[in-house]
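Notes to accompany the following structure.
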Number of protein chains: 2
Amino acid sequence: MSDHREFRDLASPADLRETVAALDLGGETERVALRDARGRVLAERIDAALDVPGFDRAAMDGYAVRAEDTVGAGEADPVALAVAGAVHPGEEPDCTVTPGTAVEISTGAVLPPNADAVVMVEDTSETGNGVAVRTAVAPGEHVMTAGADVAAGQRALGPGTRLTPREVGLLSALGVESVPVVAPPVVGIVSTGEELVRPGADLHPEAGQIHDVNSYAIGTAVEAAGGEPSYYPHVGDDEAALESCLVDAAEECDLVLSSGSTSAGAIDVVHRVIERRGDLLLHGVAVKPGKPTLVGRIGGAAYVGLPGYPVSALTIFRRFVAPAVRDAAGLPDARTASVTAEMAVRERFGEGRHRLVPVGLVDDGEGTLLAYSVDKGSGATTTLVDADGVVDVGPDTDYRSPGEDVSVALFSPDVRPPRALVVGEDDPVLSRVLDDIERPRFLARGSRGGARWLRDGIADVAVVAGPGTLEGDTTELGRWHREWGLVVPAGNPDDVRGPLDLVNEDRRFANRDGESGLRASFDALLGTLSEEREEGNESLAASIEGYEVETHASESPARRVAAGAADAGLGLRATATRLDLGFVSLGTETVRVLANPCRTGKPAVSALGQQIEDIEGVTDEVPGYVASPE
Amino acid sequence: MSDHREFRDLASPADLRETVAALDLGGETERVALRDARGRVLAERIDAALDVPGFDRAAMDGYAVRAEDTVGAGEADPVALAVAGAVHPGEEPDCTVTPGTAVEISTGAVLPPNADAVVMVEDTSETGNGVAVRTAVAPGEHVMTAGADVAAGQRALGPGTRLTPREVGLLSALGVESVPVVAPPVVGIVSTGEELVRPGADLHPEAGQIHDVNSYAIGTAVEAAGGEPSYYPHVGDDEAALESCLVDAAEECDLVLSSGSTSAGAIDVVHRVIERRGDLLLHGVAVKPGKPTLVGRIGGAAYVGLPGYPVSALTIFRRFVAPAVRDAAGLPDARTASVTAEMAVRERFGEGRHRLVPVGLVDDGEGTLLAYSVDKGSGATTTLVDADGVVDVGPDTDYRSPGEDVSVALFSPDVRPPRALVVGEDDPVLSRVLDDIERPRFLARGSRGGARWLRDGIADVAVVAGPGTLEGDTTELGRWHREWGLVVPAGNPDDVRGPLDLVNEDRRFANRDGESGLRASFDALLGTLSEEREEGNESLAASIEGYEVETHASESPARRVAAGAADAGLGLRATATRLDLGFVSLGTETVRVLANPCRTGKPAVSALGQQIEDIEGVTDEVPGYVASPE
């Protein structure tokens, strides 16, 4: 059965959900100590094995009495009783209450024999040889009788109860030291792909290696769903090795999850292994992302093959697999946490399949949530943290218009939109300022990106550097100034003095992308130089080797220089200093922090403005930065 | 400074909150492995240390090309390119793309030198000696350039970020193996009281011992707030021992919590220790429960003394202390989870102090939540699990009327009202039936209690046993029958044959309380016997020693017999069999399960009805029970 044939007949999302729900994911019972039982789920009913309290117990400080001895007592007519002794908590009474006597008693102490009530100390007075009782009490008054809280044999907690501090309290009262709880389903995590390297291990990007994102991300999601992740070593695309890994995992786990095989060939391998060593129940789902999802069984374990890209793998896990893990762990369904938001701008999705589109959220300052796409495509991992939830888009929907209401399924009920959405130029001073703001989201989209997101009414704040003006109303929260130029190897071995030294000199240059303010400053300088040389700007740029190499962040060109991949890079003095590189200053540019005027009332936006008022404290610490130009 | 003087000048709840919030509870930094970082909070900003991807990466399966070589290509005019090799994920390219050539490439593989775009395999055809490209591609098409996802030096995650699977994914991509996170504040848990015994240890109720409820309940609540509990051995009221324990705990912890000293004397001891070894900041709060709350410092640690009763201790901890622990742990404020409910019946509170009243909730079947008091008073631990939240009642409010709206602060956002509120007779068959219902709440209030709660419109379902009829409309969900009588020691050594053997025979009897159906059956039998003997019912009862001993559950009298504290007890054949005791049958009574007719549409109520339709499966397993009388 070929991969391509399978994919022509895609299962529906509902089929996927049902197929996963029908898998057997364990649900064994284990015992845990009560003190470690928080969040666990009782596997069995617990009946009280003893009375609570275990004895008739004084509920007040005062005197244990025979109620009949207090009949008629009042403020005006106190009854005098002899005091036969005292009993305190944790003591066995060594006295009894005979007619006409009382025993001093503390809250929590055992009611002595023959006593049937307690008179509060406030209603008594000590006398020379006893106590005067100034109120009558009924039998049982201020006494908690044995078993009145819970009696032995009573149902205390039912199976399926999730243990919070309150249940732990009741079980403590019952003397329970350990409890039978639902064992978490053990979920084997297998990442496939020759290119994967576990975080922390050496990475060789030149050999196409990337860090394995799915293992810990999916494993952490398994934990969040009440399962216990078990990590297996990576396997490549070798069929025998993969088969052996999956079969081993199936023996040790209730569920095996694999992911990472983004290429069709690797999926074919997994597909064949499952068909040979288990049952293939479903392959290919009409949902994007998620098309290559596989469901089956290997040996005694359930198996789900997730897509390879992290956002896809986590989306499919969360939507379709996590509910089954929760169910096996005895946890209630996750609270559905959805919010309604308005599309900020028109988004095209393309028709044909049900889409799960990750979106970010921002409050427009008047209580309306706006949804915006954050996906940089092709397995971008920043989408993981820049998005707040997922919008379902049906197969017949081609696009969503600005202002259209969409329902956003939050990644979890804990997700809250950022307090401030800041978009624009990446900048080391900005990074420090953002550290002191509660829950900002910063999207590094360059100065031009920031300006666009502000103009489109999505960003609360844009950060723009270099030349260029912004259309429309903005409120400047503040500004600072940074020295820019060419970052060169330490000691400037080629004796580069400016852009002209890059022209026709066989120097390899590393540039920034066209969205960045640094690039705009550089291009403006090239324009001036061209005029001086009476040449077209383009020909000057075209004469710089590497001018078209566009890198994505303020440190990227400098890092190329540090790595020996370039002889000069566009960058900041701050970066050159930080990376111990040489620096050729070409000027100072202004970094402006501009707010949408309708959003200045948002607390995090005004907090940002306040931080910038004291920007000198930060700029003084970063080389090449000043709060105000001299 | 005497305790009594302090208490006259009680702090306000707002003072308590502010005083606790001003304490220093730690907030150190520690490193944890990324795979164990779920739920932790970043202590520092994390900038990307490398580019993701680390190389220009194919985003599709196909052919790596020089975009300029595809200019003009189309379905009708394919461009023919020679294939110079292939590159797969995790491989270093061993070929370059020269003009007129292409290199086969898999998704995720390194773009070979000189290539600047990828043509999707779908847009190509293999030819005898190369590949026909049927579409033109632009430079960068289907390529993710190095650093396009995250570039080295960019801000990745800010301090204060809570790590979910998504952040763990991004950090994995960045190769981060361990992360600096906020260390949980260490909270020492000290329980004081001579009477306390840790769960699992031997309990001597005759000496007034009770299990320590607060340690694990508060410790678990500390965990839920992001703290790390550290348990200390109990101390009694001995001042030197308590002082030494508190001082030790203060050296090892950020915050020390004590509780358990319910008596005024013990509080005085703690008070003196804090004054001597630290600072007493606040003592006595105008809130009920919580009056004896103490706040201060011992050595370098913060100190809070909680009230002794578990419900009180947990209420004060949750309301006033947990927010400070969360803050020190770097967690966001707990989501306020409040629901509006109607008071089910009139509740008197008494004026004078702000009250935090625990209430249970139930849906009235039409979407309105009803709130009801569940407190059995005087430190009852069942209140912990029978309540769903707390109603704040101001000092000037004496009572709340039925139908009045109240705001209920749920114990946590996870709390959901029970799906079925069942009140009435405790019964072993009922217990088993409830095990198969999702999230029921059963309150053992006896048959009379059940009838009352049903009549008052609180209970969904009442369980009533024995004689007596219910006023008003009810819907019977089902019934079963149980054999009742006298439980006696094994072998019935006294040869008891019936109630008359208990009269004037010097036998010690153990009775049930007046709310129970068993008691009603017994009293009815005594009435019949009295008539036969032509005596008043009361005199017959009065002649039974222990008739007035009221115990609280179906097994309680039998357990008194088993313990040698009674010679005969009112009970069930099921209990006698279970406890290996003798049994003298006195009859069979019917257990009826009656629903509020407005609540039969609640899924859990109808599920209960369905379970009872098959009650034979349960009654067959319990001695003395039948589904239908013969």
Side-chain angles (χ1 to χ4, degrees), chain A residues 34-35 38 45 54-55 59 89-92 106-110 144 147-155 159 165-170 172-173 175 177 194-195 199-200 205-208 211 213 216-217 220-221 223 262-263 310 378 380-382 384-385 426 431 435 444 552-553 555-556 559, chain B residues 34-35 38 45 54-55 59 89-92 106-110 144 147-155 159 165-170 172-173 175 177 194-195 199-200 205-208 211 213 216-217 220-221 223 262-263 310 378 380-382 384-385 426 431 435 444 552-553 555-556 559:
Chain A
L34 185 63
R35 59 192 271 177
R38 183 174 78 90
R45 184 179 73 236
F55 51 89
E91 286 177 7
E92 186 160 1
S106 305
T107 304
V110 180
M144 185 178 237
D149 187 0
V150 205
Q154 272 185 336
R155 176 187 179 86
R166 302 179 292 123
E167 285 77 20
V168 168
L170 177 60
S172 294
E177 191 181 19
E194 302 285 353
E195 73 277 29
E206 70 285 359
H211 284 112
V213 173
Y216 294 158
T220 304
E223 279 182 8
T262 49
S263 64
S378 289
T381 53
T382 42
L384 290 166
V385 300
D426 79 310
S431 239
D435 288 353
H552 302 280
E555 289 195 2
S556 303
R559 285 174 178 261
Chain B
L34 185 63
R35 58 192 272 179
R38 185 174 77 88
R45 183 180 74 237
F55 52 89
E91 287 177 6
E92 187 161 359
S106 304
T107 304
V110 180
M144 186 177 235
D149 186 0
V150 206
Q154 274 186 332
R155 178 187 177 87
R166 301 179 293 125
E167 286 78 20
V168 168
L170 177 60
S172 294
E177 190 180 20
E194 302 284 353
E195 73 277 29
E206 70 286 357
H211 284 113
V213 173
Y216 294 158
T220 304
E223 280 182 4
T262 49
S263 65
S378 289
T381 53
T382 42
L384 290 167
V385 299
D426 78 311
S431 239
D435 287 353
H552 301 280
E555 289 196 0
S556 302
R559 284 173 179 263

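None of these values were measured; they are calculated from a predicted model. Reminder, nothing fancy here: chain letters follow the sequence lines and each chain counts from 1.
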Distance in Å, A:Glu194 CD paired with B:Ser106 OG, rounded so as to fall on 0.5 Å steps: 11.0 Å

Contact origin within B:Ala59 toward chain A - heavy atom pairs under 4.5 Å: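 Contact with chain A involves both backbone and side-chain atoms of B:Ala59.
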
Segment of B:Glu91 engaging chain A (4.5 angstrom heavy-atom cut-off):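 Contact with chain A is through the backbone of B:Glu91 alone.
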
Who among [options] has the most heavy-atom pairs with chain A under 4.5 Å?
options                                : value
B:Ser431, B:Ala221, B:Pro205           : B:Ser431
B:Ala444, B:Gly175, B:Ala173           : B:Gly175
B:Glu206, B:Glu167, B:Arg38, B:Glu177  : B:Arg38
B:Ala380, B:Ala207, B:Ala553, B:Gly200 : B:Ala207

Exam field: side chain B:Asp426 to backbone A:Gln154, donor-acceptor pair closer than 3.5 Å: no

Short side-chain to backbone donor-acceptor contact, A:Asp435 and B:Pro159, under 3.5 Å: no

Name the member of [options] that forms the most heavy-atom pairs with chain B at distances under 4.5 Å.
options                      : value
A:Arg166, A:Glu92, A:Met144  : A:Arg166
A:Ala109, A:Gly54, A:Gly169  : A:Gly169
A:Ala148, A:Ala151, A:Gly147 : A:Ala148

Minimum heavy-atom separation for [X] and [Y], please, with both atom names.
X        : Y        : value
A:Thr381 : B:Asp149 : N-OD2, 2.5 Å
B:Glu555 : A:Gly153 : OE1-CA, 3.3 Å
B:Thr220 : A:Val168 : OG1-CG1, 3.6 Å
B:Tyr216 : A:Ser172 : CB-OG, 3.8 Å
A:Ala217 : B:Pro165 : O-CB, 3.4 Å
B:Leu170 : A:Leu384 : N-CD1, 3.8 Å

Region of A:Arg35 in contact with chain B, defined by heavy-atom distances below 4.5 Å: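 Interface part for A:Arg35: both.
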
Toward chain B, the part of A:Glu223 with a non-hydrogen atom under 4.5 Å: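 For A:Glu223, the contact with chain B is made by backbone and side chain together.
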
